[in-house]
Amino acid sequence: DQQVKQNSPSLSVQEGRISILNCDYTNSMFDYFLWYKKYPAEGPTFLISISSIKDKNEDGRFTVFLNKSAKHLSLHIVPSQPGDSAVYFCAASAVGNTGKLIFGQGTTLQVKP
Amino acid sequence: NAGVTQTPKFRILKIGQSMTLQCTQDMNHNYMYWYRQDPGMGLKLIYYSVGAGITDKGEVPNGYNVSRSTTEDFPLRLELAAPSQTSVYFCASSPTANYGYTFGSGTRLTVV
């Protein structure tokens, strides 16, 4: 039972354009959502997060949108840069869950120069 | 700051052998986690700890054990290694719940 799903295994965009990575979840108890970026042979790096009381959070080129009614979140990267090429994981945690995260399968983003 | 340090980076084990994956953090974080990542999959939680002396099972704990005698260290023990435990193992820490983790660089384990 995949509670957090990233249905696109890969995405390719041109440098300077927008990258949109999507994530769906099924558990209505999730109240905190995060995005991580992972380069090969490295551990994931925390990128941005959003609480369920918000519908948008922005940090520089990265914006996360949350649509609770659709149980959907997305990560927008504008403008995309070649250094953004990596695997992106979305993750979710539920209230009182001591920070335990459920991860999606990941989406590989390639930004072409 | 070193952050989260995992050793070893690579290891090949024979079926039935045992080993301990080491994880140390120097950020005084209370929360620590062990995840495994199989090819093409997301990370799955093995065990976690909310403070020294407190540990609990995650989603996939079978075949593993942990201890947390200090705030800094959270070793993961594999007893009787099986091919199904071939994976990349990541240790992570955070100061509180609902806070972005700091991950280690991982241990790639192959069981043959």
Side-chain angles (χ1 to χ4, degrees), chain A residues 1-10 21 23-27 29-54 57 59 62 64 75 86-108, chain B residues 2-10 21 23-25 27 29-51 54-61 66 68 74 87-108:
Chain A
D1 177 28
Q2 194 77 24
Q3 298 186 68
V4 178
K5 295 180 183 180
Q6 294 176 255
N7 291 317
S8 297
S10 63
L21 296 97
C23 180
D24 296 299
Y25 62 95
T26 57
N27 189 340
M29 297 300 293
F30 288 150
D31 69 336
Y32 191 67
F33 304 89
L34 307 92
W35 284 94
Y36 286 83
K37 178 169 74 172
K38 185 183 180 304
Y39 293 120
E42 294 183 12
T45 302
F46 169 67
L47 204 51
I48 192 169
S49 63
I50 187 166
S51 163
S52 60
I53 63 173
K54 295 184 173 182
N57 190 26
D59 183 1
F62 302 91
V64 56
L75 175 68
V87 179
Y88 289 79
F89 292 98
C90 68
S93 71
V95 176
N97 250 13
T98 60
K100 296 184 295 184
L101 295 179
I102 304 295
F103 283 83
Q105 309 96 304
T107 296
T108 300
Chain B
V4 177
T5 302
Q6 290 184 239
T7 56
K9 291 192 181 305
F10 304 93
L21 282 68
C23 176
T24 300
Q25 53 95 5
M27 298 170 286
H29 287 174
N30 284 323
Y31 293 72
M32 295 189 74
Y33 309 87
W34 274 105
Y35 285 85
R36 60 177 285 175
Q37 186 190 13
D38 298 327
M41 305 292 286
L43 285 75
K44 292 191 184 296
L45 182 65
I46 306 171
Y47 270 95
Y48 69 99
S49 169
V50 299
I54 306 170
T55 63
D56 207 347
K57 295 178 180 179
E59 188 180 355
V60 290
V66 294
R68 185 93 184 271
F74 191 40
S87 190
V88 181
Y89 292 83
F90 291 103
C91 179
S93 71
S94 66
T96 63
N98 284 358
Y99 198 93
Y101 294 171
T102 299
F103 278 91
S105 57
T107 295
R108 183 174 294 274

Checking [X] against chain A: side chain, backbone, both or neither under 4.5 Å from a heavy atom?
{"X": "B/Gln37", "value": "side chain"}
{"X": "B/Tyr99", "value": "backbone"}
{"X": "B/Leu43", "value": "both"}

- What option among A/Phe89, A/Phe46, A/Tyr32 has the most heavy-atom pairs under 4.5 Å with chain B?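 Sorted descending by pairs with chain B, the first entry is A/Tyr32.
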- Task: Report the option among A/Gly106, A/Pro44, A/Ser51 that has the most heavy-atom pairs separated by less than 4.5 Å from atoms of chain B.
- Result: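 Between A/Gly106, A/Pro44, A/Ser51, the count favours A/Pro44.
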- Identify the heavy atoms of B/Ala97 and A/Gly99 that sit nearest to each other, and give their distance.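 What the structure gives for the nearest pair is CB-N, 3.4 Å.
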- For A/Lys38 against B/Phe90, the heavy-atom pair lying closest together: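 Looks like CE-CZ, 3.5 Å.
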- Please determine which of B/Tyr33, B/Tyr101, B/Tyr48 meets the side-chain contact (heavy atoms from CB on, under 4.5 Å) test together with A/Leu101.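 The option that passes is B/Tyr101.
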- Task: Name the region of A/Ala91, side chain, backbone, both or neither, that has any atom closer than 4.5 Å to a heavy atom of chain B.
- Result: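 Neither the backbone nor the side chain of A/Ala91 comes within 4.5 Å of chain B.
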- Message: Less than 4.5 Å apart, side chain to side chain, heavy atoms only: is that true for B/Tyr31 and A/Lys100?
- Response: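 Not in contact.
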- Message: I'd like to know whether the aromatic ring centres of B/Phe103 and A/Tyr36 sit less than 6.0 Å apart in this structure.
- Response: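 Distance test on ring centres: under 6.0 Å, yes.
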